[in-house]
Amino acid sequence: MDYVSTRNKKVTASASQAIATGIAPDGGLYCPTEIPQLTEGDFAALCAKDYRGRSADILGRFLTDFTTEELEQYASLAYADEKFGGSNTAPLVKLEDGKYILELWHGPTCAFKDMALQMLPHLLTASLRKTGEQRTACILVATSGDTGKAALDGFADVEGTKIMVYYPVDGVSTIQKLQMVTQRGKNVQVCAIRGNFDDAQSAVKKIFTDQASIEKLSEQGMMLSSANSINWGRLAPQIAYYVSAYCDLLNRGDIQLGDPIHVCVPTGNFGNILAAYFARQMGVPVAKLICASNENNVLTDFFNSGGTYDRVRPFHTTISPSMDILISSNLERLLFLVSGYNDTIVADLMQQLTEKGSYTVPTDVFANIGSQFEAGYCDDAQTKEMIAALFQEKGYLCDTHTAVAVKVYEDYRAHTGDTTPTVIASTASPFKFCQSVISALGGEVTSDGTELLDQLHDMTHAPVPKPLAALSGMKPRFDLVVDRDEILDTLTLLNTI
């Protein structure tokens with residue numbers, strides 16, 4: 001299977017080339033030229049496998065220059081019991097009839113990004129070998145909180161790689177920041193920026209098309225790559241957990257093969273819900289993809305306006321910081337797919353976004369989107385109310401992002417009366433956002449740092465995840481803070497690691 005740039009179909013790559021480079025040279029995102037289809041027999045076979053087997057199977061359908069043996073080995077390493085707290089890598093928790101929480105945060109950094117970023121280092125290093133690349137891969141990551149730590153953990157001390165993570169200095173939680181600035185590893189670097197996630201992401205994407213920087217790094221024996229979901233190797237592993245969730249529902253007898261489900265995802269950069277879209281296109285009978293946003297509701301407005309995307313609006317710093325995003329990069333891939341791989345339309349829309357900050361999708365293209373997606377948003381007060389309600393009424397403790405998704409789903413269900421079984425993606429442990437969760441439950445935040453973990457535990461009696469408990473006593477290694485227009489200068493730090 002080949003991959004093409006969303007902005008120029010003449011730019012092609014193999015799976016390993018797409019993963020190694022991360023982004024197309026024209027600034028476009030790589031997309032597969034076809035979407036493999038799952039048959040009834042495929043579902044039967046997948047239901048008989050554990051998560052590792054399902055992951056290797058789904059990846060093998062997209063990454064055709066990898067062998068079955070390679071992918072099975074990588075899945076066994078990525079999703080090892082000791083990393084995910086047991087063999088149930090992505091537990092599906094039933095809240096009530098027809099409502100399920102897909103817990104994607106049981107990995108080493110307690111966020112859903114682990115589901116892909118424990119796999120990506122294996123895919124990337126193998127891709128470098130397959131493409132004959134001898135240079136060191138320098139992985140640049142912009143993060144709104146969770147991707148950074150997951151990428152640092154996945155690539156720490158991985159031979160042939162260096163990783164630089166940029167995060168908004170005031171845009172992550174206390175625990176998220178601690179996770180990043182205490183990261184161990186000889187090949188890692190972390191930098192805070194005075195700005196928001198969009199500033200970091202835009203700067204990183206610009207570096208990938210800055211020929212002077214690329215050539216200078218190459219002369220020093222380095223090449224650029226990415227661990228953000230702009231890299232197909234980050235996105236592809238996420239498809240598997242939606243397929244797996246459907247298989248789990250089949251195995252429980254809660255649905256029969258062919259029965260529709262909905263999927264509701266708290267969404268910022270649009271990668272997680274796009275993975276669900278790919279699962280749908282493969283044949284998982286997803287009736288509706290419900291896009292849940294916080295007050296930075298640029299995606300909600302896009303879907304509900306009939307296709308106008310406008311990032312020129314106030315930026316809100318919320319209690320669900322991983323969704324504090326106004327430029328949702330992976331929407332570009334969706335536009336490419338639903339337009340029939342029309343690179344001319346996509347390139348024009350992305351140019352409008354850069355120059356004007358907005359665009360409107362042609363009516364015929366949006367018609368292919370509107371029937372598949374629903375969208376909603378909630379503010380911080382509603383998010384806290386949902387955290388409290390779930391804990392008090394269901395005994396279920398969730399984080400701020402998951403609460404956004406549950407609230408948006410509840411609103412959708414109340415508005416439509418639709419009781420189709422729904423899988424709600426839970427993207428992080430509540431202990432990553434202690435201050436907000438404590439406040440939501442009516443408590444007063446009386447501690448700081450890792451003591452917050454103990455305070456939330458004392459309130460709820462929920463166990464503190466081991467990776468977060470291990471932060472206690474760890475000393476920060478990184479304290480660099482730069483202005484957003486200084487990010488390019490920080491590339492010199494790659495020579496120091």
Side-chain angles (χ1 to χ4, degrees), residues 22 104-105 107-121 124 137-158 161-185 187-205 207 224-231 233-235 238 268-269 271-272 317 320-325 327 329 399-401 427-429 431-433 465 467-468 470-471 474 476-482 484 487 490-491 493-494 497:
L104 300 170
W105 45 264
T109 75
C110 303
F112 83 99
K113 307 298 175 76
D114 290 325
M115 301 298 295
L117 284 166
Q118 287 298 308
M119 173 63 76
L120 181 58
L124 179 60
C138 296
I139 301 151
L140 305 185
V141 179
T143 184
S144 53
D146 287 333
T147 293
K149 172 59 181 178
L152 289 165
D153 186 90
F155 280 96
D157 292 325
V158 171
T161 69
K162 297 182 179 184
I163 180 167
M164 170 86 76
V165 168
Y166 302 94
Y167 71 94
V169 65
D170 295 318
V172 299
S173 75
T174 299
I175 298 299
Q176 285 176 311
K177 180 178 178 179
L178 275 173
Q179 284 186 295
M180 288 186 283
V181 299
T182 59
Q183 176 65 48
R184 294 167 179 162
N187 64 334
V188 305
Q189 181 64 250
V190 179
C191 177
I193 66 161
R194 300 181 185 95
N196 58 43
F197 169 77
D198 291 328
D199 296 321
Q201 179 172 245
S202 296
V204 167
K205 290 177 74 174
I207 291 171
L224 291 176
S225 191
S226 172
N228 283 93
S229 55
I230 57 176
N231 190 325
R234 235 296 299 279
L235 185 62
Q238 296 178 246
N269 215 17
N272 201 0
T317 300
S320 46
S322 297
M323 299 161 65
D324 289 348
I325 295 171
I327 304 175
S329 290
D399 83 300
T400 50
H401 305 77
T427 54
S429 164
F431 284 89
K432 294 196 76 166
F433 306 94
L468 300 183
L471 290 171
M474 291 185 66
R477 292 180 61 199
F478 307 104
D479 58 6
L480 178 65
V481 183
V482 301
R484 59 189 177 187
I487 290 180
T490 64
L491 290 182
L493 294 172
L494 292 169
I497 58 177

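Annotation: side chain of V141 is not in contact with side chain of V204 (no heavy-atom distance under 4.5 Å). S202 places a side-chain heavy atom less than 4.5 Å from the side chain of I327. Residues N196 and D324 are not in side-chain contact: their nearest non-hydrogen atoms beyond the backbone lie 4.5 Å or more apart.
In this structure P121 satisfies the side chain to side chain contact (heavy atoms under 4.5 Å, CB included) test together with F155, V158, sequence neighbours excluded. Listed by chain and number, the residues in a side chain to side chain contact (heavy atoms under 4.5 Å, CB included) with L493 are M164, Q189, L480, T490, T496 (sequence neighbours excluded). Shown here are the side chain to side chain contact (heavy atoms under 4.5 Å, CB included) partners of A192, two or more places apart in sequence or in another chain: Y167, V169, V481. Every side chain to side chain contact (heavy atoms under 4.5 Å, CB included) that P467 has, sequence neighbours left out, goes to C110, P465. Here F197 pairs with nothing under the ring-ring contact (aromatic ring centres under 6.0 Å, His included) rule; sequence neighbours left out. Applying the side-chain hydrogen bond (donor to acceptor under 3.5 Å, both in side chains) test to T161 and every residue at least two apart in sequence or in another chain returns N187.
Of all the heavy atoms in V188 and I497, the pair that sits closest is O-CG2, 3.6 Å. Smallest separation of non-hydrogen atoms from Q183 and A156: NE2-CB, 3.7 Å. Considering every non-hydrogen atom in both A200 and I487, the closest pair reads CA-CD1, 4.2 Å. Taking all atoms of both residues into account, the shortest heavy-atom contact from G148 to V165 is CA-CG1, 3.7 Å. Residues P168 and G195 share a closest heavy-atom pair of CB-O, 3.2 Å. A pairwise comparison of heavy atoms in M180 and G145 identifies CE-O, 4.1 Å as the closest pair.
The line from OG of S226 to CD1 of I207 is 11.0 Å long, rounded to the nearest 0.5 Å. To the nearest 0.5 Å, atoms CG (D170) and CZ (R194) are separated by 10.0 Å. Distance check: R234 CZ to N269 CG gives 8.5 Å after rounding to the nearest 0.5 Å. Distance check: Q238 CD to M119 CE gives 12.0 Å after rounding to the nearest 0.5 Å. For the atom pair CG of L471 and CG of L468, the computed distance is 6.0 Å after rounding to the nearest 0.5 Å. Taking NE2 from H401 and CZ from F433, the interatomic distance works out to 4.0 Å, rounded to the nearest 0.5 Å.
In this structure, a donor-acceptor pair under 3.5 Å is absent between the side chains of T109 and D153. In this model, no donor atom of one side chain and acceptor atom of the other lie less than 3.5 Å apart for Q176 and K149.
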Exercise. Does the pair Y166 and V482 meet the rule for a side chain to side chain contact (heavy atoms under 4.5 Å, CB included), with working shown?
Worked result: CA-CA 10 Å; Y166 302 94; V482 301; 5.7 Å; no
Exercise. How far apart are the C-alpha atoms of S322 and K113, what are their side-chain angles, what is the distance that settles it, and do they pass the side chain to side chain contact (heavy atoms under 4.5 Å, CB included) test?
Worked result: CA-CA 11 Å; S322 297; K113 307 298 175 76; 5.6 Å; no
Exercise. Passes side chain to side chain contact (heavy atoms under 4.5 Å, CB included), S144 versus I325? Steps please.
Worked result: CA-CA 8 Å; S144 53; I325 295 171; 4.1 Å; yes
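The backbone N or O of T143 sits nowhere less than 3.5 Å from a side-chain atom of T147 that would complete a donor-acceptor pair. Between the side chain of N231 and the backbone N or O of S225, no donor-acceptor pair lies under 3.5 Å.
By the 6.0 Å contact criterion, CZ on R184 is open, its count of non-hydrogen atoms from other residues, nucleotides or ligands being 12 or less. For K205, the NZ atom is densely surrounded, since the number of other residues' heavy atoms within 6.0 Å is greater than 12.
No option in D146, D399, T400 other than D146 meets the side chain to side chain donor-acceptor pair (under 3.5 Å) test with K432.
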